[in-house]
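Below is one structure, written out as structure tokens; comments come after it.
Proteins come first, then strands; the chains are lettered A, B, ... in the order of their sequence lines, and each starts at number 1. Just so it is clear, the values below take in all heavy atoms, side chains as well, and ignore hydrogens, waters and symmetry mates.
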Number of protein chains: 2
Amino acid sequence: MKKQQLYKGSLNTIIMKLLEQHGKMYGYEITQKVKEITQGEMNITEGALYPALHKMEADGFLDVEMDRVDGRIRKYYKLTESGVKETVSRMEELENFVRNMQNIVNPNLKLGY
Amino acid sequence: MKKQQLYKGSLNTIIMKLLEQHGKMYGYEITQKVKEITQGEMNITEGALYPALHKMEADGFLDVEMDRVDGRIRKYYKLTESGVKETVSRMEELENFVRNMQNIVNPNLKLGY
DNA sequence: TTTTGATGCATAAAAAAATTATGTATATTT
DNA sequence: AAATATACATAATTTTTTTATGCATCAAAA
């Protein structure tokens, strides 16, 4: 009965930020890392994850490298130069979003003007 | 060339919170209030706003009251009892989202455990 | 030993929520 | 007189997600 807990539009930001921190990761690893960090509150579904990874690759933000580990295939993704820039941009967007939402929900805290 | 600055899924939360604070508001007023609070960074488009208001009304979260002011029609919306509860729930969701995003983007800050 | 659960990728159909583009109409400002 | 601001609305499209599958390997449990 749980809500999705995941605001649409935040998935790419999450993926990129994790890749920035860890260098390279594969899809399943990303889902587990998010589950771990959020204590199970956020769950990245495969139906959202894989198309997102493919799109970011097509957009030139990610590079892929295939590996075979224990008989299973892993596709490691890492940020391209363009992806690094995009990550910075997305982080600014997230910070703006949070700041704006705080100003909306808490009208007592005024901005520094 | 600006980005939308509005995470999908946050619109209903914004509307409900503003209604909670102001008692009753009409659509156009909501767009202006958001623009004012965010210094123009967030812009609620009518194409998103009106369907959202209609849906929340259909879901029983909002009540409507029509007014004619200066020859123009205004539809004032206010939260129902059910809408007040939903607002609380959505605020919790937003807080969880922000906390989870902070834990993801800033792995240095550990949770209190 | 067989079946379940975890690992690992993927896509298709549908739903949700937005953008973009219109449309109507009145009031005010230039 | 024309442009801008106010005020509502909807339709077509796009974006992003959920839900539901599908395939395949490996480890653990029954």
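- The CD atom of A:E65 sits 16 Å away from the C1' atom of C:dC9 (whole-angstrom rounding).
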Would you list the atom pairs, donor with acceptor, under 3.5 Å between side chains in residues 58-68 of chain B and any protein atom, with sequence neighbours excluded?
from	atom 1	to	atom 2	distance (Å)
B:D59	OD2	B:K55	NZ	2.9
B:R68	NH2	B:G71	O	3.3

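- Listed by first and then second residue, the ring pair (Phe, Tyr, Trp, His ring centres under 6.0 Å) pairs that reach into residues 10-32 of chain B are B:Y26-B:Y76, sequence neighbours excluded.
- Salt bridge annotation for B:E86-B:R90: present, with a cationic side-chain nitrogen under 4.0 angstrom from a carboxylate oxygen.
- Sorted by first and then second residue, the salt bridge (charged side-chain N to carboxylate O under 4.0 Å, His left out) pairs involving residues 74-83 of chain A (not counting sequence neighbours) form an empty list.
- Atom P of nucleotide C:dA6 and atom CG of A:N43 are separated by 13 Å, given to the nearest angstrom.
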Each nucleotide of nucleotides 3-16 of chain D classed B (base within 4.0 Å of a protein heavy atom), S (only sugar-phosphate) or -, in 5' to 3' order, makes --SBSBBB-----S
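- Protein atom CE of A:M42 is 11 Å distant from nucleotide atom P of D:dT17, rounded to whole Å.
- Rounded to an integer number of Å, the gap from OH of B:Y7 to P of D:dT17 is 10 Å.
- When each of A:G71 and A:A52 is assigned the nucleotide of DNA chain D with its nearest heavy atom, A:A52 is the one assigned upstream, toward the 5' end.
- Residues that satisfy the side-chain contact (heavy atoms from CB on, under 4.5 Å) test with B:E95, not counting sequence neighbours, are B:M91.
- Distance CD1 (A:I44) to C1' (D:dT19): 16 Å, rounded to an integer number of Å.
- If you chain together ILVMFWY residues whose side-chain heavy atoms come under 4.5 Å of each other, B:V69 ends up in a group of its own.
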